[in-house]
Amino acid sequence: MTSLQQQVDDRHKHRDPARRDSVAVCDQEVQADDAHLALFLPQRQRLLVLAYRMLGSRSDAEDVVQDAWLRWRDCRLADIQQPQAWLLRSVARLCLDWLKSARHRREQYTGVWLPEPLPDSEDAWQHDPAWLCERAVDVSYAGMVALERLSAAERAVFVLRELFDMDYAELASLLSRSEAACRQLLRRARRALAEAADSPRALSSATQPLLLALLRAVQSGDSDVLAAMLAADVRYLADGGGKVRALVRPLQGRRPVARLLCGLYRRWGQPGLYWQALALNGGPGMVLCHPEQGVLLSLILACDINGEVAVCYVVANPDKLLAMQSALASPVGTAAVRQVGAERDAAGA
């Protein structure tokens, strides 16, 4: 049973006793809730995807979709001709309002702000890969980071047009702008994304060995070996949110990043900690785990056209790691990753 269905059931259970005396009223409310829910649930996945692409945060996206449900539950279905379009517009408006209020919070954010990594096992947050490929939409983590370069209006137009095929008339109505202005916003968004960080492409599943090789190079402490795997202008971005230690500014350059990673491994390689593979945002990722504390950080790489590591994304803010706690892979499936820690332990024996 879904959480929304549970809410509807709870609402029925805890009605005002005075109203329970009227069987007709109760039946009408039950039917109304069921009718709203029947139309809402098939759209919930698309709404979550929209909110996440707009906000870059799983928890904020859930809050927005929940607010949209409450508004939907209280509306008159007879007045709505296109439920799907109504729900998309509602979530988009809520996201735009949230982004306006979040601007100040993100300006005050300690250090680098990165989107919340999304485990691929979270089925409710994933669209059909063929559907996404057909629209040529970059849903990689690097693509999510690039979206942060856009203004709220540019981001709304880009996501709604590219991912949901919303026409320009609807976009104009949503943003209170002309259709020509919306076309201009889309052109600016596409240009900004094409220029963002040299448009790094996300690692494919075939490059999982590269991720393991990087960890082994870091483990060895040989910065020369590690530097050979990195692009000349590689960047290291870490998001600690002011809650854990992390660089507050991006670090760039093959040698500085290699030395940093080797130095950090002394802290990451403490006894009891282990690396575990976890597919994140459609590509291979790694998470550093503690037997009792769970996930401590996530690592996602993006490569340039030469196959060299162009960007290292490290998310250590505990608020952005909650979704991974329940998405950890099984020990059997992570034997290769655990072997990295086993090799370290054996070398130190």
Beyond-backbone contact of [X] with [Y], side-chain heavy atoms, under 4.5 angstrom:
| X | Y | result |
| --- | --- | --- |
| L273 | C289 | no |
| Q84 | L87 | no |
| Y274 | L288 | no |
| W69 | L37 | yes |
| L322 | S59 | no |
| L211 | L301 | yes |
| L147 | F158 | yes |
| L214 | L212 | no |

Please determine, by modelled atom types, if [X] and [Y] share a side-chain donor-acceptor pair under 3.5 angstrom.
| X | Y | answer |
| --- | --- | --- |
| R187 | Q184 | yes |
| D239 | Y109 | yes |
| Y313 | N281 | no |

| task | Test L299 against V287 for side chain to side chain contact (heavy atoms under 4.5 Å, CB included), laying out the working first. | result | CA-CA 6 Å; L299 171 65; V287 291; over 6 Å; no
| request: I would like to know whether Y52 and L47 meet side chain to side chain contact (heavy atoms under 4.5 Å, CB included); could you show each step before the answer? | output: CA-CA 9 Å; Y52 175 69; L47 300 178; over 6 Å; no
Distance (rounded to the nearest 0.5 Å) between [X] [atom1] and [Y] [atom2]:
| X | Y | atom1 | atom2 | result |
| --- | --- | --- | --- | --- |
| L174 | Y168 | CG | OH | 14.0 Å |
| L278 | S298 | CG | OG | 9.0 Å |
| R155 | L99 | CZ | CG | 6.5 Å |
| E116 | Y141 | CD | OH | 9.0 Å |
| L160 | R89 | CG | CZ | 11.0 Å |
| L230 | S223 | CG | OG | 10.0 Å |

Determine, using the 4.5 Å side-chain heavy-atom cutoff (strictly less than), whether [X] and [Y] are members of one ILVMFWY cluster.
| X | Y | value |
| --- | --- | --- |
| V244 | L264 | no |
| V248 | V257 | no |
| L210 | V225 | no |

So does [Y] get a backbone contact from the side chain of [X], meaning a donor-acceptor N/O pair under 3.5 Å?
| X | Y | result |
| --- | --- | --- |
| Q276 | M286 | no |
| N306 | E308 | no |
| K320 | R58 | no |
| D60 | D63 | no |
| R161 | M166 | yes |

| said: I'd like to know if D224 pairs up with R254 as an ion pair, taking the criterion as any Lys NZ or Arg NE/NH1/NH2 lying under 4.0 Å from an Asp or Glu carboxylate oxygen. | reply: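 Result for this pair is no, no salt bridge flagged.
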Do you know which two heavy atoms are closest between [X] and [Y], and how far apart they sit?
| X | Y | value |
| --- | --- | --- |
| L321 | V315 | CD2-O, 3.6 Å |
| S101 | W98 | OG-O, 2.8 Å |
| M229 | A217 | SD-CB, 4.0 Å |
| L175 | A153 | CD1-O, 4.2 Å |
| C312 | L261 | SG-CD1, 4.4 Å |
| G241 | N317 | CA-ND2, 3.6 Å |

| Which is it for L186 and E154 under the side chain to side chain contact (heavy atoms under 4.5 Å, CB included) test, yes or no, and what are the steps along the way? | CA-CA 6 Å; L186 182 59; E154 289 170 345; over 6 Å; no
| request: Start with the C-alpha gap between H290 and V295, add the side-chain angles, then the distance that decides, and say whether side chain to side chain contact (heavy atoms under 4.5 Å, CB included) holds. | output: CA-CA 6 Å; H290 184 278; V295 178; over 6 Å; no
| said: Other residues, nucleotides and ligands only: do more than 12 of their heavy atoms fall within 6.0 Å of CZ on R183? | reply: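 Yes, the 6.0 Å shell around CZ holds more than 12 heavy atoms from other groups.
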| task | Can you label the angle between the W72 ring and the H36 ring as parallel, tilted or perpendicular, going by 30° and 60°? | result |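 Because their plane-to-plane angle is over 60°, the rings of W72 and H36 count as perpendicular.
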